[in-house]
Amino acid sequence: MDNLSARKYHFIEELMTVEEESVMEALERVLKKEKEAQERISPVQKKELEKRLQSYSENPEDLLDWNEVKEEW
């Protein structure tokens with residue numbers, strides 16, 4: 001089991017011991033916010049972002065300085 005899977009499993013175990021309604025509500029709010037944040041980026045946008053990050057990691061020297069771009073345009 002990888003580290004994330006192990007952490008999820010441990011979290012579920014801890015979740016089963018929660019007795020306070022307010023704790024559950026707080027956890028639900030956090031999870032809802034996370035889900036909403038993930039949904040703001042479409043799959044197409046995410047793919048493009050991953051492509052650009054990959055390009056950057058392969059060629060970090062190919063960056064353009066914003067100030068230089070503004071001056072040239």
Side-chain angles (χ1 to χ4, degrees):
M1 189 175 336
D2 65 17
N3 190 33
L4 181 58
S5 294
R7 289 173 57 204
K8 287 178 181 179
Y9 184 78
H10 179 70
F11 185 81
I12 291 168
E13 288 179 326
E14 290 294 317
L15 188 59
M16 297 306 292
T17 67
V18 172
E19 298 289 334
E20 297 293 323
E21 184 76 23
S22 61
V23 173
M24 285 300 299
E25 290 169 356
L27 291 169
E28 288 169 341
R29 282 193 303 274
V30 169
L31 291 173
K32 182 179 178 184
K33 283 184 179 182
E34 178 62 23
K35 185 176 180 182
E36 289 171 352
Q38 290 176 357
E39 291 173 350
R40 288 187 201 129
I41 299 175
S42 74
V44 172
Q45 291 169 322
K46 187 172 183 173
K47 187 174 182 177
E48 179 64 22
L49 179 58
E50 288 170 355
K51 182 178 112 182
R52 291 180 186 196
L53 288 170
Q54 180 69 32
S55 176
Y56 167 71
S57 67
E58 292 172 359
N59 304 294
E61 68 281 349
D62 287 350
L63 291 178
L64 298 173
D65 181 83
W66 178 239
N67 291 325
E68 292 175 15
V69 172
K70 287 192 303 187
E71 288 174 11
E72 291 179 16
W73 291 89

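The structure displayed is predicted, hence computed values, not measured ones. All values below come from the heavy atoms of this structure, side chains included, with hydrogens, waters and symmetry mates left out.
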Once rounded to the nearest 0.5 Å, what's the spacing between atom CE of M16 and atom CD1 of I12?
9.5 Å
For L4 and K8: C-alpha separation, side-chain torsions, deciding distance, then whether side chain to side chain contact (heavy atoms under 4.5 Å, CB included) applies.
CA-CA 6 Å; L4 181 58; K8 287 178 181 179; 3.9 Å; yes
Spacing of CZ belonging to R29 relative to NZ belonging to K33, to within rounding of 0.5 Å:
8.0 Å
Give every residue pair that meets the salt bridge (Lys or Arg N to Asp or Glu O under 4.0 Å) criterion with at least one member in residues 40-55, sequence neighbours excluded.
E48-K51, E48-R52
Rounded to the nearest 0.5 Å, what separates atom NZ in K32 from atom CD in E25?
12.5 Å
Which ILVMFWY residues can you reach from L15 by hopping between side chains whose heavy atoms are under 4.5 Å apart?
F11, V18, V23, M24, L27
Pair up each side-chain donor or acceptor in residues 61-73 with any protein partner under 3.5 Å, not counting sequence neighbours, and list the distances.
| residue | atom | partner | partner atom | Å |
| --- | --- | --- | --- | --- |
| D65 | OD2 | N67 | N | 3.0 |
| D65 | OD2 | E68 | N | 3.2 |

